[in-house]
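Just so it is clear, the structure is predicted and the values come from calculations on it, not from any experiment.
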Amino acid sequence: MATSPTAPRATDPEEVEALHRLILASLDDDQAVETISIPLAGKTSIADYMVIASGRSTRQVASMAQKLAERIKAEFKRPVKIEGLPTADWVLIDATDVIVHLFRPEVRSFYNLERMWAFGDAPTPPTAPFADLSDQD
């Protein structure tokens, strides 16, 4: 799932942001469910963003993946790698600067990538204050 050494990452931050916007807009147009974007810059060198979304069926997941790959190729003239398309339970689209994971809901909840990759970004649950035991007899 790592970025291929033969596919150079964009050095222009504006191009990365434009790619990110295109991906989010495409998924919105295709009625993806629960789309989230996780910024990865500074956390890993594999990409600047990870986008995770769900489709309601394998058919929708496959359709969203194919349309997204076509849009990226047409707009940015860059190679796009797709894995998992035949079964379409979990499809990975590697657009070098943005990694996209498309899931069926059951598969998404099983792997829970959001939790794994959102380290440091998730709010910390409040902790109960320690009781002062010195006053107890």
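In this structure a side-chain-to-backbone donor-acceptor pair under 3.5 Å is present from Arg78 to Ala95.
Among all heavy-atom pairs drawn from Val91 and Gly84, the shortest one is CG2-O, 3.6 Å. Ala88 approaches Arg104 most closely through the heavy-atom pair O-CG, 4.1 Å. Taking all atoms of both residues into account, the shortest heavy-atom contact from Ala47 to Leu40 is O-CB, 3.3 Å. Taking each heavy atom of Ser37 and Tyr49 in turn, the nearest pair found is OG-CD2, 3.6 Å.
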Quiz: residues 54-66 side-chain donor-acceptor pairs under 3.5 angstrom, not counting sequence neighbours:
residue : atom : partner : partner atom : Å
Ser54   : OG   : Arg108  : NH1          : 2.9
Arg56   : NH1  : Gln31   : O            : 3.4
Arg56   : NH2  : Gln31   : OE1          : 3.4
Ser57   : OG   : Arg59   : N            : 3.4
Ser57   : OG   : Gln60   : N            : 3.1
Gln60   : OE1  : Arg56   : N            : 2.6
Gln60   : NE2  : Asp30   : O            : 3.1
Gln60   : NE2  : Gln31   : O            : 3.1

Trace of the side chain to side chain contact (heavy atoms under 4.5 Å, CB included) decision for Met50 with Ile36:
CA-CA 8 Å; Met50 178 179 294; Ile36 67 159; over 6 Å; no
Could you go through the side chain to side chain contact (heavy atoms under 4.5 Å, CB included) check for Ile99 and Ile93 one step at a time?
CA-CA 6 Å; Ile99 306 291; Ile93 302 164; over 6 Å; no
Apply side chain to side chain contact (heavy atoms under 4.5 Å, CB included) to Val100 and Asp94, showing your working.
CA-CA 6 Å; Val100 182; Asp94 184 351; over 6 Å; no
Apply side chain to side chain contact (heavy atoms under 4.5 Å, CB included) to residues Leu113 and Phe103 and explain how you reach the verdict.
CA-CA 11 Å; Leu113 291 184; Phe103 290 98; 3.6 Å; yes
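Criterion: ILVMFWY side-chain heavy atoms under 4.5 Å apart, direct or through other members. Under it, Val107 and Val33 are not part of a common hydrophobic cluster.
With a 4.5 Å cut-off on side-chain heavy atoms, Thr35 and Asp28 do not count as touching. Looking at Asp12 and Val16, their side chains never come closer than 4.5 Å, going by heavy atoms from C-beta outward. Here the side chains of Asn112 and Glu114 are in contact, with some heavy-atom distance below 4.5 Å.
Distance check, rounded to the nearest 0.5 Å: CD1 of Ile72 to CD1 of Ile82 gives 8.5 Å. Atom CG of Leu22 is separated from atom CZ of Phe76 by 5.5 Å, given to the nearest 0.5 angstrom. Between the CG atom in Asp48 and the NZ atom in Lys43 there is a gap of 12.0 Å [rounded to 0.5 Å]. Between the NZ atom of Lys67 and the CG atom of Leu27 there is a distance of 11.0 Å, given to the nearest 0.5 Å. Summarising the geometry, atom CD belonging to Glu75 is positioned 14.0 Å from atom CD belonging to Glu70; distances are rounded to the nearest 0.5 Å. Separating the CG atom in Leu102 from the CG atom in Leu68 is a distance of 7.0 Å, to the nearest 0.5 Å.
The local environment of CD in Glu106 is crowded, with over 12 non-hydrogen atoms from other residues, nucleotides or ligands closer than 6.0 Å.
Using a 30° and 60° split on the angle between ring planes, Tyr111 and Trp90 fall in the tilted class, from 30° to 60°.
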